[in-house]
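Just so it is clear, the values below take in all heavy atoms, side chains as well, and ignore hydrogens, waters and symmetry mates.
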Amino acid sequence: MASIELHDIGKQWGETQALRDVTLHIPSGTFCVLLGPSGCGKSTTLRILAGLETASTGRVLIDGRDVTQLPPAQRGIAMVFQNYALFPHLSVADNISFGLQVRKLPSAEREKRLRETAQLLGLDSLLDRKPSQLSGGQQQRVALGRALVAQAKVCLMDEPLSNLDAQLRQDMRRELRDLQQKLGLTVVYVTHDQAEAMSMADQVVLLNRGQVEQAASARTLYARPATTFAARFIGTPPMNLLALEDGRIVGTDIDTGLPAAARQLGVRPEAVTLGAQGLPATVASIEYLGADSVLSCALGDGPGAQRLAVRAPGHLDVPVGAPVQLLIDPQDLHVFDADGRRIDTDSSHQGDAASTTSPTP
C-alpha cells in the first residue's frame, strides 16, 4: 500500500489552464474517485500522477517519495485505460504477463503471478483465448489483470467501465471495490458517473474547471455540499436551488428568516413531501420513473415563479395543474451565499427557516 500526495499541482498549455493549485492527500489503501464533468481536469490529474504528463507547477509524492520528475516505470504504479489496450494477436495469458516479460522476470515467477491473478479474477478457463473471443466484462478483467500482475502498490484507472452496458457496469463496480479491499490497493479512479463515485469511493474528489470543488466522503458530499456546484452535481434529480432576496424566496411572499447574505436555498427532491399544510405550489409536470415520480412544482405565479422538484412515490396520482402543499424539514435545508459557497446557519436561523414550510401570514 502507498499514500499519494499532490501539492499545488498546476497544468497549462499555452493560454489554457487545465489545472490550478490542486492539492490532495489520498491515504494508503483507499479508493479515491476523481469526479467531474468533461473538461474539468480529472484525466489530466491522473496522467500527471502516472507520469504521462508533466505538471507545470507543484509536486507529486507516492509513499512519501517525490516522483514529480520520474518516468512512469519508476513510480511503482499500474494503470487501466478506458479502451483496455489489449494486444489482439496475443492470448489472455500473454496479455496479462506481457509486462513481466518485458521486465525479464524469471519464467517461474511469471507463471506463478499469472496463475494467482487469473484465479483472483476468474480468468482461469480463458487464458488460451484471444481478446476477440471475450465479452466486454472479460476484456475488462484482462486489462485489470495486466495491472494487478505487476503487484504495484498504486493502481490508476481511467473510466475503465465506460464501454460496458449498464447491468455489467453495476456488477463490475462491486467486483472492483471488493478486489481493492481484498488486496489493500491504493486506487485512483476517474469517472464522470456519480453513481460509480458514490458506490465505490472512500474519498470523492469533485473537480470543476481545473480546481478541487470539494474532497470528502460520498456521504459528506451528499449531506453537506460545500458549493452550489457540488450540490447540483451530486444527487439524482439534482438539488433544488431557490433564489433568495433579503431572506424571501424570490417570486413569493415567503420569508425564510435567513440573513441577507443567504442568496440561495437548497433542498433535495427526496426531502420534500406533500402534505396538508406547507408551501403552496402547482404541479407543472410529472416524470414517471416506476418506483418514483418526479414532480416539477411551480412556486409563485407568473414569469418569476421558481421550480421545485419533488421525488414522490410512483403510485402517486396527481394531475398536472393541481395545487399542492410542500413540506420541508428545516434540517434538510442548505444555504449558500452569492458566490455559491455554503453558509452554516446557527440554530436560531435554522429555526426561522422553518417558516419555509408555510407561507408568512
Side-chain angles (χ1 to χ4, degrees), residues 206 208 213-214 216 219-287 292-313 316 318 320-361:
L206 181 60
N208 181 30
E213 194 79 14
Q214 187 173 1
R219 287 180 180 272
T220 299
L221 271 174
Y222 177 83
R224 295 181 60 80
T227 65
T228 52
F229 177 85
R232 293 283 295 174
F233 198 87
I234 300 295
T236 304
M239 181 185 286
N240 297 295
L241 292 175
L242 300 175
L244 300 177
E245 187 173 349
D246 295 326
R248 291 182 178 272
I249 298 177
V250 172
T252 75
D253 294 328
I254 300 168
D255 189 351
T256 65
L258 291 166
R263 302 301 294 275
Q264 294 187 83
L265 189 65
V267 61
R268 295 209 175 273
E270 51 270 30
V272 185
T273 57
L274 304 183
Q277 293 182 335
L279 294 175
T282 303
V283 178
S285 65
I286 300 174
E287 184 181 6
D292 301 315
S293 287
V294 178
L295 282 61
S296 178
C297 300
L299 294 178
D301 299 317
Q306 299 193 69
R307 292 294 183 95
L308 193 71
V310 179
R311 191 168 197 137
L316 187 69
V318 179
V320 172
V324 291
Q325 302 283 323
L326 307 179
L327 299 176
I328 305 171
D329 189 321
Q331 299 300 318
D332 293 324
L333 296 175
H334 305 261
V335 184
F336 303 94
D337 63 17
D339 295 324
R341 296 286 172 183
R342 184 182 187 86
I343 298 175
D344 286 318
T345 56
D346 59 30
S347 57
S348 63
H349 286 147
Q350 288 180 354
D352 293 340
S355 63
T356 59
T357 60
S358 60
T360 301

Backbone N/O of [Y] and side chain of [X]: donor-acceptor pair under 3.5 Å:
X: D329; Y: Q331; value: yes
X: Q306; Y: V250; value: yes
X: D337; Y: A261; value: no
X: Q214; Y: A226; value: yes

Filter on ring-ring contact (aromatic ring centres under 6.0 Å, His included), then keep only pairs touching [range], sequence neighbours left out; what's left?
range: residues 250-269; answer: none
range: residues 230-272; answer: F229-F233
range: residues 238-281; answer: none

Holding to side chain to side chain contact (heavy atoms under 4.5 Å, CB included), I want the full list of residues that pass it with [X], two or more places apart in sequence or in another chain.
X: A312; answer: L295, L316
X: D292; answer: R311
X: A231; answer: P225, M239, F336
X: D246; answer: A260

(request) Evaluate whether atom CZ of R268 has more than 12 neighbouring non-hydrogen atoms of other residues, nucleotides or ligands under 6.0 angstrom away. (result)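 Yes, because the 6.0 Å sphere around CZ of R268 holds more than 12 heavy atoms from other groups.
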Got a sec, which residues hit side-chain hydrogen bond (donor to acceptor under 3.5 Å, both in side chains) with [X], two or more places apart in sequence or on another chain?
X: T282; answer: none
X: R224; answer: D344
X: S296; answer: R307
X: S285; answer: none

Which value, rounded to the nearest 0.5 Å, describes the distance between [X] atom [atom1] and [Y] atom [atom2]?
X: L308; Y: I328; atom1: CG; atom2: CD1; result: 5.5 Å
X: L242; Y: I254; atom1: CG; atom2: CD1; result: 9.0 Å
X: T228; Y: R341; atom1: OG1; atom2: CZ; result: 8.5 Å

